[in-house]
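Just so you know, these numbers use all the heavy atoms, side chains as well, and skip hydrogens, waters and symmetry mates. In what follows, chains are A, B, ... by sequence order, proteins preceding strands, each numbered from 1.
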Protein chains: 2
Amino acid sequence: MKNWDDLRIFRAMAKARSIRAAAADLRTTHATVSRRIRALEEDLGSALFERRNEGHVLTAFGQSMMDLTEGVSVGVEAIDRLAFGQDGSLAGPVRLSVLEDLYHQVLSGPLDSFMRAHPMIELSIETTPNLRDVSRREADVIVRITSNPPEQAVGRKVADSPLALYSSPHYLNQRPAIDRWIALDYPPTIPPLLNARPVFLAGSLTVVADVLRRGQGIGLLPCFMGQGDPNLVRLPEVDLIPDKEIWTLTHVDILQNPRVRLLMDHLYRAFSDQRHRIEGRFE
Amino acid sequence: MKNWDDLRIFRAMAKARSIRAAAADLRTTHATVSRRIRALEEDLGSALFERRNEGHVLTAFGQSMMDLTEGVSVGVEAIDRLAFGQDGSLAGPVRLSVLEDLYHQVLSGPLDSFMRAHPMIELSIETTPNLRDVSRREADVIVRITSNPPEQAVGRKVADSPLALYSSPHYLNQRPAIDRWIALDYPPTIPPLLNARPVFLAGSLTVVADVLRRGQGIGLLPCFMGQGDPNLVRLPEVDLIPDKEIWTLTHVDILQNPRVRLLMDHLYRAFSDQRHRIEGRFE
DNA sequence: TTTTCATGGATCATATTCTAACCAGTTTGG
DNA sequence: CCAAACTGGTTAGAATATGATCCATGAAAA
């Protein structure tokens with residue numbers, strides 16, 4: 001193999017299934033990706049992709065290649081973790097992945113103060129709806145709501161995240177006989193124990209909370225979203241519903257990195273400070 | 001990791017322990033190796049080598065890196081084999097590794113005719129005293145004298161390689177009461193069953209054979225070296241001494257390659273043609 | 001249908017990387 | 001002891017890879 005780096009381009013290409021998309025992932029241009037893939041095919045002596053109208057699709061040989069590069073990729077990721085863990089400098093990058101709602105309701109303040117306290121740490125925050133995998137180094141630290149934290153990850157459960165029923169104070173004052181039920185479209189919510197009918201299926205919890213604040217009905221929210229909100233009250237007749245847990249996680253290999261440690265500690269403290277509210281234990 | 005190809009340079013450097021030696025292995029210049037290593041250290045954020053007067057030596061971090069790159073390297077080698085095996089073309093390279101003595105005594109003719117018969121096959125022959133590993137793709141096909149062929153290798157035992165006692169006809173005519181013993185310096189040869197004293201410890205079998213041809217004494221040679229040589233005769237009072245075996249080997253992954261098949265078949269035939277002589281069964 | 005959008009190929013100026021050459025300092029061998 | 005053959009560093013100029021741009025094509029969207 002003339003140039004091992006071509007494997008990196010190849011993997012991006014195989015995943016993105018289009019030269020331009022791969023180029024975007026690799027932060028380069030489609031001209032470069034096209035050239036490098038061609039060079040790799042030349043070097044290996046066989047075609048890796050079939051150029052079809054609907055996109056580039058792996059040949060059988062390309063598929064075998066993809067399987068084999070998996071091991072190479074895992075190896076490179078381990079190297080990245082080793083290097084990152086080895087890096088003892090306080091100055092440098094750390095990447096954090098947080099659920100968007102959790103960022104808004106719990107972490108926006110603490111992360112702001114973290115960045116002010118450590119200006120030499122280049123903290124980049126990614127808010128996503130989906131899991132980022134610390135072992136693949138898609139993120140260095142992740143804050144995640146889950147019931148079973150992934151293997152190879154180390155960290156702490158920082159709080160329980162129970163659900164509760166909320167509505168606006170105004171709605172509660174003139175509550176109808178049959179409650180108006182505001183819920184997530186997906187995943188499908190458990191049907192209410194109350195006398196209620198669905199009137200709004202929202203795409204995200206942010207929307208659910210917004211609709212509730214406007215007095216449109218009652219609905220389930222994690223306590224970290226409902227508790228302490230002046231425009232929301234918890235319905236007293238229903239208990240807390242145990243749900244998932246909140247974990248702050250990283251990878252063993254990079255736990256030694258001082259930036260990671262600082263961030264983890266800061267997150268632990270932030271959750272500790274707000275734990276009562278998050279777990280719905282007072283208002 | 002910004003550039004996976006730097007791992008290739010790093011491994012060469014770690015093995016060669018000098019920038020210039022690594023550059024020679026990589027067929028590039030020491031300036032390039034120096035710059036790439038520096039770039040890699042920059043990227044990883046830690047030093048990989050300690051620059052000392054007696055050469056570059058791995059740091060502890062560099063050593064961990066080396067351990068991890070081993071897996072990456074194995075993966076890349078598997079990819080190389082896959083590509084080579086996939087290549088169905090009759091035109092292209094094949095690399096053969098043979099023991100030098102075996103080349104001279106058995107294979108020089110057949111390999112010459114092979115290259116004439118298949119001019120589009122770029123056969124490169126490496127004659128070495130040491131084992132080349134087919135799984136590391138240091139060679140595509142190896143002809144080796146061994147008693148236990150390595151794992152993962154496929155191929156055939158093409159002949160036994162017994163030893164016998166030889167001297168020149170002239171020496172035999174005026175043989176002294178105490179024989180003059182010509183032997184390898186290393187590995188230490190078994191002491192002769194005869195009445196003999198060591199007079200020459202040679203560095204290679206070629207030298208042993210040459211000294212014997214000049215009538216300097218008697219000595220052990222593999223039959224493929226002694227048998228059929230007009231200037232050597234086998235001492236009749238000693239039987240053949242069973243020793244190692246000759247194997248023609250390649251790797252499963254590249255057995256499909258037509259150039260490899262052609263070469264293997266040609267080698268099988270060459271050994272088959274000369275098997276009687278190699279095994280000392282006539283003269 | 002027409003319009004819009006995204007795709008991949010091709011081209012060329014630009015940036016980057018590599019090579020060749022020379023340097024000074026060390027070790028090795030005669 | 002000196003000479004030769006190493007070592008790695010540095011530089012200018014050559015070779016190479018890259019990125020911006022334009023283009024034709026084909027697939028969705030209006």
Side-chain angles (χ1 to χ4, degrees), chain A residues 1-63 65-66 69 72 76 203, chain B residues 1-63 65-66 69 76 79 83 185 203:
Chain A
M1 170 108 10
K2 282 205 187 86
N3 185 353
W4 289 13
D5 202 42
D6 286 342
L7 296 180
R8 192 169 57 88
I9 280 81
F10 165 71
R11 300 202 96 234
M13 176 76 189
K15 280 182 187 160
R17 290 204 304 277
S18 114
I19 293 185
R20 282 191 120 100
D25 290 345
L26 295 166
R27 278 153 228 286
T28 179
T29 57
H30 73 283
T32 298
V33 173
S34 173
R35 260 190 311 256
R36 302 281 296 268
I37 293 292
R38 219 188 305 270
L40 180 60
E41 288 180 328
E42 175 80 16
D43 180 29
L44 298 176
S46 307
L48 292 164
F49 295 94
E50 208 176 318
R51 275 80 173 166
R52 303 176 63 171
N53 280 343
E54 64 267 28
H56 283 57
V57 60
L58 285 170
T59 60
F61 172 59
Q63 186 56 56
M65 276 286 296
M66 194 57 189
T69 58
V72 174
V76 173
Chain B
M1 171 106 11
K2 281 205 187 86
N3 185 353
W4 289 13
D5 202 41
D6 286 342
L7 296 179
R8 192 169 57 88
I9 280 82
F10 165 72
R11 300 202 95 232
M13 176 78 188
K15 281 182 187 163
R17 291 205 304 277
S18 116
I19 295 185
R20 283 193 115 99
D25 290 346
L26 295 166
R27 275 152 231 283
T28 179
T29 58
H30 71 285
T32 299
V33 174
S34 173
R35 191 164 10 78
R36 302 282 296 268
I37 292 292
R38 220 188 308 268
L40 180 59
E41 290 180 328
E42 174 79 16
D43 180 30
L44 297 176
S46 307
L48 292 164
F49 295 94
E50 208 176 320
R51 274 82 175 165
R52 303 177 62 172
N53 280 342
E54 65 266 30
H56 283 57
V57 61
L58 284 170
T59 61
F61 172 60
Q63 187 56 57
M65 275 288 294
M66 195 56 190
T69 58
V76 172
I79 289 170
D185 187 15

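- In this model, the phosphate group of C:dC18 is approached by a side-chain N or O of B:Arg36 to a distance below 4.0 Å at OP1 or OP2.
- Atom CZ in A:Arg38 sits about 13 Å away from atom P in D:dA17, given to the nearest Å.
- Taking atom NZ of residue B:Lys2 and atom P of nucleotide C:dT17, one finds them 11 Å apart after rounding to whole Å.
- Regarding B:Asp6, its CG atom lies at a distance of 9 Å from the P atom of C:dC18, rounded to whole Å.
- A pairwise comparison of heavy atoms in A:Val33 and A:Leu26 identifies CG2-CD1, 4.0 Å as the closest pair.
- For the salt bridge (charged side-chain N to carboxylate O under 4.0 Å, His left out) criterion with B:Glu41, the lone passing option out of B:Arg35, B:Arg36, B:Arg51 is B:Arg51.
- Mapping B:Ser18 and A:Arg35 onto DNA chain D via the closest heavy atom, the residue that lands nearer the 5' end is B:Ser18.
- Nucleotide D:dG26 holds its C1' atom 14 Å from the NE2 atom of A:His56, rounded to whole Å.
- Nearest to the side chain of A:Ile19, among C:dC18, D:dG8, C:dG9, sits C:dG9.
- In terms of position along DNA chain C, the nucleotide closest to A:Arg20 lies nearer the 5' end than the nucleotide closest to the other residue of the pair A:Arg20 and B:Thr28.
- A straight line from CD of B:Glu42 to P of C:dT16 spans 15 Å, rounded to a whole angstrom.
- In this structure, CE of B:Met13 is placed 8 Å from P of D:dG9, rounded to the nearest angstrom.
- Within the 4.0 Å cut-off from OP1 or OP2 of D:dT18, not a single side-chain nitrogen or oxygen of A:Thr29 is found.
- A straight line from CZ of B:Arg27 to P of C:dA20 spans 14 Å, rounded to a whole angstrom.
- Between the side chain of A:Asp43 and the backbone N or O of A:Lys2 there is at least one donor-acceptor pair closer than 3.5 Å.
- In this structure, B:His30 does not reach the D:dG9 phosphate: none of its side-chain N or O atoms is under 4.0 Å from OP1 or OP2.
- Look at A:Ser34 and you won't find any side-chain N or O under 4.0 angstrom from OP1 or OP2 of C:dG8.
- With rounding to whole Å, B:Asp5 atom CG is found 16 Å from D:dT16 atom P.
- Between A:Phe49 and A:Phe10, the ring-plane angle classifies as tilted under the 30° and 60° cut-offs.
- Without hydrogens or angle criteria, B:Thr59 side chain to B:Gly62 main chain gives a donor-acceptor distance under 3.5 Å.
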